[in-house]
K.L.:
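Could you have a look at this structure, given as structure tokens, before my questions?
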Amino acid sequence: MKGEKKSLLQDLIENSGGCVVTDGGFATHLETLGASINDPLWSAICLIKQPHLIKQVHLEYLKAGADILVTSSYQATIPGFLSKGLSIEEGEALLQRSVKLAVEARDSFGTSAKRNHGNEYRKALVAASIGSYGAYLADGSEYRGLYGPDVNLKKLKDFHRRRLQVLVEAGPDLLAFETIPNKLEAQALVELLEEINVQIPSWICFTSVDGENAPSGESFEACLEVINKCNKVEAVGINCAPPHFMENLISKFKQLTKKAIVVYPNSGEVWDGIAKKWLPSKCFHDDDFGFHATRWRDLGAKIIGGCCRTTPSTIQIISNALRENI
Ligand SMILES: C[S+](C)CC[C@H](N)C(=O)O
Ligand SMILES: N[C@@H](CCS)C(=O)O
Ligand SMILES: [Zn+2]
């Protein structure tokens, strides 16, 4: 990007020795702290009922060494809030609250960290989470990606437009599109970023259930072709897929894009979207994450963290491993 000013995300990556740590599972750690999220809004129900727990999760990830906090808005949508009997204005205020809670946590943590570490302390960035349409459906569709014949490009853009605008206006440092399961939704997102002319960087992360393709069965080659054309997307990768898929997918993405690669896998447990439970499967424990994070970094990932069922202790181990082995 000759002549262009570096973004906050590029600066952070560069000033961190080429690889930064994002946080871990947000919703699943909220649950560990006692939140009840068995609801169509999933973790976003806490924006209404238990905002103090949201801040606590953010603070725990900061203490664990996260350079980026992902907000509580993954499953926070205006139609979702309307179905709870709230007004559009109330729904929009809750979206703003998700950014505000993360910014407040970051700023209060930053003040004490600066006292202790002076100039060595790097301020964390706040990434506004934007879950896929499949997340909103609350039936595990983000792991299938088959939205059916009634869901076209226009419908996906209409679904994402207003939430995206409200979140951008709330002032996060970047946008984190999460668990995108197909090419059509990636297309909708890049078109909206251009149409709204969003000025902060974005990452777009896909899920994968076979370790090779997007959940829809479309190749990542096809999905990334769409994203590579958009300068507003600075990083692309995978979230909430099993950790043992990451090596292959990082190598694959390396060949398909020049953008920064971001990976934050889940623990390896599998979400049963109907029973709303995590089912045991081939899992990584915290120590495995420490070892593999350095492998993922060496293969080319620039942003590394965890997704569902990873915890602040997972992030602490990843952060220590990456900092020890720069
Ligand atoms: C990433 S999944 C575990 C999120 C929850 C899902 N959208 C549901 O509501 O069932
Ligand atoms: N940022 C969300 C992603 C869910 S897949 C969370 O960690 O809860
Ligand atoms: Zn997840």
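Atoms within a ligand are numbered from 1 in the order they appear, just like the ligands themselves. What you see is a predicted model; the values in this text were computed from it and never measured.
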K.L.:
Any nitrogen or oxygen of C308, side chain or backbone, less than 3.5 Å from one on ligand 2?
P.N.:
no
K.L.:
Quick one: do R161 and D158 make a salt bridge, cutoff under 4.0 Å?
P.N.:
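Between D158 and R161 there is a salt bridge, with a charged N closer than 4.0 Å to a carboxylate O.
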K.L.:
Against heavy atoms of G25, which atoms of ligand 2 measure under 4.0 Å?
P.N.:
7 (O)
K.L.:
Between D39 and K84, does at least one N-O distance fall below 4.0 Å, as a salt bridge requires?
P.N.:
yes
K.L.:
Counting heavy atoms only, name the option from W271, Y136, Y143 that's nearest to atom 1 (C) of ligand 1.
P.N.:
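Looking at heavy atoms only, the winner is Y143.
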K.L.:
Using a 4.0 Å cutoff against the non-hydrogen atoms of C240, which atoms of ligand 2 qualify?
P.N.:
5 (S)
K.L.:
Any nitrogen or oxygen of V70, main chain or side chain, under 3.5 Å from a nitrogen or oxygen of ligand 2?
P.N.:
no
K.L.:
Give a yes or no on whether a salt bridge exists between R106 and D67, defined as a side-chain N under 4.0 angstrom from a carboxylate O.
P.N.:
no
K.L.:
Starting from atom 4 (C) of ligand 2, locate the nearest protein heavy atom and write down its residue, its atom name and how far away it is, to 0.1 Å.
P.N.:
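Answer, as residue, atom name and distance: W42 CZ3, 3.7 Å.
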K.L.:
Does ligand 1 come near enough to A135 that some N or O of the ligand is less than 3.5 Å from an N or O of the residue?
P.N.:
yes
K.L.:
At less than 4.0 angstrom from any non-hydrogen atom of W278, what atoms of ligand 1 do you find?
P.N.:
3 (C)
K.L.:
Enumerate the atoms of ligand 2 whose separation from the nearest heavy atom of T179 is less than 4.0 angstrom.
P.N.:
5 (S)
K.L.:
For atom 2 (C) of ligand 2, what's the nearest protein heavy atom and its distance?
P.N.:
E178 OE1, 3.6 Å
K.L.:
Which atoms from ligand 2 have a heavy atom of C307 less than 4.0 Å away?
P.N.:
3 (C), 4 (C), 5 (S)
K.L.:
Look at E212 together with K252 and state whether they make a salt bridge at an N to O cut-off of under 4.0 Å.
P.N.:
yes
K.L.:
Between F289 and T310, does a side chain to side chain contact (heavy atoms under 4.5 Å, CB included) hold up when you go through it step by step?
P.N.:
CA-CA 9 Å; F289 272 96; T310 66; 3.7 Å; yes
K.L.:
Considering only protein heavy atoms, which is closest to atom 7 (O) of ligand 2, and at what distance to one decimal place?
P.N.:
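Nearest protein contact, heavy atoms only, for atom 7 (O) of ligand 2 is F26 N, 2.8 Å.
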K.L.:
Round to 10° and report the angle made at the Zn ion (ligand 3) by SG of C307 and SG of C308.
P.N.:
130°
K.L.:
Under 3.5 Å, N or O to N or O, is Y74 touching ligand 2 that way?
P.N.:
no
K.L.:
Using a 4.0 Å cutoff against the non-hydrogen atoms of Y74, which atoms of ligand 1 qualify?
P.N.:
1 (C), 4 (C)
K.L.:
Identify the protein heavy atom lying closest to atom 8 (O) of ligand 2, giving its residue, its atom name and the separation to 0.1 Å.
P.N.:
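Nearest neighbour among protein heavy atoms for atom 8 (O) of ligand 2, to 0.1 Å: A27 N, 2.9 Å.
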K.L.:
With the threshold set at 4.0 Å, does a side-chain nitrogen-carboxylate oxygen contact exist between E92 and R162?
P.N.:
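Judged by the 4.0 Å cut-off on N to carboxylate O distance, E92 and R162 do form a salt bridge.
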K.L.:
Which residue supplies the protein heavy atom nearest to atom 9 (O) of ligand 1, what is that atom called, and how far is it?
P.N.:
Q75 NE2, 2.8 Å
K.L.:
Would you call D272-K276 a salt bridge at under 4.0 Å N-O?
P.N.:
no
K.L.:
Would you say T179 and S132 are linked by a side-chain donor-acceptor pair, where the criterion is simply a distance under 3.5 Å?
P.N.:
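S132 vs T179: donor-acceptor pair found between side chains.
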K.L.:
May I ask you to decide whether R309 forms a salt bridge with E269, counting only side-chain N to carboxylate O separations under 4.0 Å?
P.N.:
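Judged by the 4.0 Å cut-off on N to carboxylate O distance, R309 and E269 do form a salt bridge.
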K.L.:
Is a salt bridge present between E195 and K157, judged by a nitrogen-to-oxygen distance below 4.0 Å?
P.N.:
yes
K.L.:
As a check for students: among K277, R309, K276, E142, identify the option with a heavy atom nearest to atom 10 (O) of ligand 1.
P.N.:
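Among K277, R309, K276, E142, the closest heavy atom to atom 10 (O) of ligand 1 belongs to K276.
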K.L.:
Could you verify whether a donor N or O on one side chain and an acceptor N or O on the other, from E234 and S7, lie under 3.5 Å apart?
P.N.:
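Yes.
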